[in-house]
Amino acid sequence: MITLYMNRREFVDSVTQVEPIDGIIVLDDEYVRQNRKIFVQLVCNFRYGREDDEMIGLRFQKELTLVSQQVCPPQKQDIQLTKMQERLLKKLGSNAFPFVMQMPTSSPASVVLQQKASDETQPCGVQYFVKIFTGDSDCDRSHRRSTINLGIRKVQYAPTKQGLQPCTVVRKDFLLSPGELELEVTLDKQLYHHGDKISVNICVRNNSNKVVKKIKAMVQQGVDVVLFQNGQFRNTIAFMETSEGCPLNPGSSLQKVMYLVPTLVANCDRAGIAVEGDIKRKDTALASTTLIASQDARDAFGIIVSYAVKVKLFLGALGGELCAELPFILMHPKPSRKAQLETEGSVEA
């Protein structure tokens with residue numbers, strides 16, 4: 001029997017570096033006596049198509065081995081042990097073997113596209129696994145009875161500093177109209193945490209001869225599957241419509257604040273919404289904004305998630321629409337150091 005110990009399943013990507021993946025493998029006496037080779041690998045599974053659409057010889061999935069190490073018999077290498085590893089090695093004895101793997105900084109974050117409730121197939125997205133198996137080399141095809149696959153997640157937390165306050169002004173002129181319609185949209189901040197209320201400040205100045213009949217504000221989630229040229233699509237995950245203050249006649253102006261709260265609860269039955277990497281967890285949420293150090297590394301990120309607020313003014317059948325869009329960042333706050341120490345302490349106890 002092979003047993004795997006890890007004190008966490010989420011590893012933080014701070015854009016410039018990723019937390020190392022560490023753990024302990026415990027073997028039965030039989031494995032040690034036979035001097036069997038045990039390997040640990042970090043596997044990235046990228047599914048970019050439905051499992052039901054696969055045919056003979058055609059698979060919409062890529063499985064990449066990012067890191068591979070031989071754990072037993074141990075190789076000569078310097079490992080900086082964590083406190084958890086040191087304590088477990090004392091408790092578990094000579095049949096315990098530590099490992100540390102470094103995830104590449106260019107690897108994508110854990111993201112999964114939500115499926116319908118009735119769909120039991122593997123979801124599209126990026127998932128990570130720590131794989132433990134026995135074999136003659138790390139290229140051997142592992143047997144299911146002697147293999148461990150433990151799902152982990154690569155996560156990004158919100159920056160500690162706010163960026164510039166998002167603001168935009170758009171204008172539209174009309175044929176045979178001496179003036180123009182102006183729409184100014186401002187958000188109260190650039191960085192939001194999951195569950196925060198987004199304040200959308202709208203200012204409309206109607207210097208045209210058209211009439212504004214309705215205003216709509218929405219939050220859109222953008223998903224870019226970089227493997228495909230046309231793999232970009234958007235989903236509206238929160239919206240609000242109002243006719244208050246309308247119709248807005250020529251020569252008038254209007255100032256208004258609309259509030260939006262994007263949550264997964266309101267979109268739990270919709271397919272194609274990007275969520276965090278473990279879709280089976282009850283406390284999962286919308287996928288966070290993907291932070292990239294350089295646009296040159298964009299192609300390695302598999303699925304890129306972004307968010308934007310879009311405001312529309314409806315002018316009727318002949319007048320058309322006027323739209324303004326503001327991108328923003330939606331992420332989880334970084335856990336406090338005290339919370340992280342309490343989590344590690346509960347595992348080490």
Side-chain angles (χ1 to χ4, degrees), residues 1-14 17-45 63-104 107 109-110 126-135 137-138 140 142-155 157 276-284 335-349:
M1 186 174 69
I2 305 175
T3 307
L4 172 63
Y5 291 88
M6 295 182 66
N7 69 331
R8 54 185 170 160
R9 297 177 68 174
E10 293 186 349
F11 299 89
V12 179
D13 174 12
S14 58
Q17 62 181 4
V18 186
E19 290 181 334
I21 301 167
D22 55 83
I24 295 286
I25 298 172
V26 182
L27 306 177
D28 277 355
D29 293 335
E30 182 181 353
Y31 281 88
V32 178
R33 285 196 304 267
Q34 295 177 358
N35 205 28
R36 297 177 68 174
K37 291 183 178 180
I38 308 297
F39 298 92
V40 57
Q41 294 180 340
L42 174 62
V43 179
C44 176
N45 190 333
E63 190 172 281
L64 306 174
T65 302
L66 303 180
V67 183
S68 182
Q69 294 179 4
Q70 180 178 317
V71 179
C72 179
Q75 303 292 301
K76 291 182 179 180
Q77 55 180 341
D78 294 330
I79 297 180
Q80 189 70 33
L81 298 179
T82 64
K83 291 183 178 179
M84 184 274 294
Q85 288 177 313
E86 291 175 352
R87 293 186 182 185
L88 283 179
L89 286 174
K90 291 179 182 178
K91 288 183 178 181
L92 300 174
S94 60
N95 287 7
F97 300 90
F99 68 87
V100 177
M101 294 186 292
Q102 187 63 54
M103 185 181 294
S107 56
S110 299
V126 178
Q127 296 175 295
Y128 289 94
F129 299 91
V130 173
K131 180 179 179 181
I132 314 292
F133 68 97
T134 177
S137 71
D138 58 356
D140 280 358
S142 57
H143 196 282
R144 188 172 183 179
R145 288 185 300 178
S146 59
T147 302
I148 297 174
N149 278 306
L150 179 66
I152 62 172
R153 294 178 56 228
K154 180 187 176 187
V155 298
Y157 289 125
E276 292 179 335
D278 193 349
I279 201 168
K280 296 180 181 178
R281 284 174 43 177
K282 293 182 180 180
D283 59 342
T284 192
S336 64
R337 183 61 181 166
K338 181 179 179 181
Q340 291 178 332
L341 291 173
E342 287 177 354
T343 303
E344 293 181 6
S346 63
V347 176
E348 294 174 3

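Count residues from 1 along the sequence.
A donor-acceptor distance shorter than 3.5 angstrom exists from the side chain of Q70 to the backbone of P73, with no hydrogens or angles considered. Checking side-chain atoms of S110 against main-chain N and O of K154 turns up a donor-acceptor pair under 3.5 Å. Of the possible donor and acceptor atoms, none in the side chain of Q69 sits under 3.5 Å from a partner among the backbone N and O of Q41.
Closest of all the heavy-atom pairs between V155 and R153 is CG1-NH2, 3.4 Å. Contact detail for V18 and P104: the closest heavy-atom pair is CG2-O, 4.0 Å. L42 and M101 get closest at one heavy-atom pair: N-SD, 3.8 Å. L89 and P98 make their closest contact through CD2-CD, 4.0 Å (heavy atoms, listed as atom of the first residue, atom of the second, distance).
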Discussion item. Run the side chain to side chain contact (heavy atoms under 4.5 Å, CB included) test on I21 and M103 for me, step by step, so that the C-alpha distance in whole Å, both residues' side-chain angles and the decisive distance to 0.1 Å come before the verdict.
Written reply: CA-CA 7 Å; I21 301 167; M103 185 181 294; 3.6 Å; yes
Worksheet item: What do the steps show when you test I2 against I38 for side chain to side chain contact (heavy atoms under 4.5 Å, CB included), and what is the final call?
Response: CA-CA 9 Å; I2 305 175; I38 308 297; 4.2 Å; yes
Fill in: Derivation and outcome, salt bridge (charged side-chain N to carboxylate O under 4.0 Å, His left out), residues E19 and R8
CA-CA 11 Å; E19 290 181 334; R8 54 185 170 160; 2.6 Å; yes
Item to complete: Starting from the C-alpha separation in whole Å, work towards a yes-or-no answer on side chain to side chain contact (heavy atoms under 4.5 Å, CB included) for K131 and T147.
Response: CA-CA 7 Å; K131 180 179 179 181; T147 302; 4.1 Å; yes
Discussion item. Go through it in stages, so that I can follow the logic: the residues are Y128 and V43, the test is side chain to side chain contact (heavy atoms under 4.5 Å, CB included), and I'd like the CA-CA distance, side-chain angles, deciding distance and then a yes or no.
Written reply: CA-CA 6 Å; Y128 289 94; V43 179; over 6 Å; no
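Between R36 atom CZ and E30 atom CD the span is 7.0 Å, to the nearest 0.5 Å. Note that the CZ atom of F11 and the CE atom of M6 stand 3.5 Å from one another [nearest 0.5 Å]. Atom CD of Q34 and atom CG of L27 lie 11.0 Å apart (nearest 0.5 Å). Atoms CG and CD1, from N7 and I24 in turn, are 10.0 Å apart once rounded to the nearest 0.5 Å. Taken to the nearest 0.5 Å, the CZ atom of F129 stands 12.5 Å off from the CG atom of L66. Note that CG of D22 is 10.0 Å distant from CD1 of I79, once rounded to the nearest 0.5 Å.
A heavy-atom distance below 4.5 Å is found between the side chains of V100 and Q85. In this structure the side chain of L4 reaches within 4.5 angstrom of the side chain of F99, judged on heavy atoms.
Cation-pi geometry between K37 and F39 is not met at under 6.0 angstrom from the ring centre and within 45 degrees of the axis.
Between N95 and D29, the side chains place a donor N or O and an acceptor N or O closer than 3.5 Å (distance only, hydrogens not considered).
The side-chain contact (heavy atoms from CB on, under 4.5 Å) with I25 is formed by just one residue from the set T3, I132, L92; it is I132.
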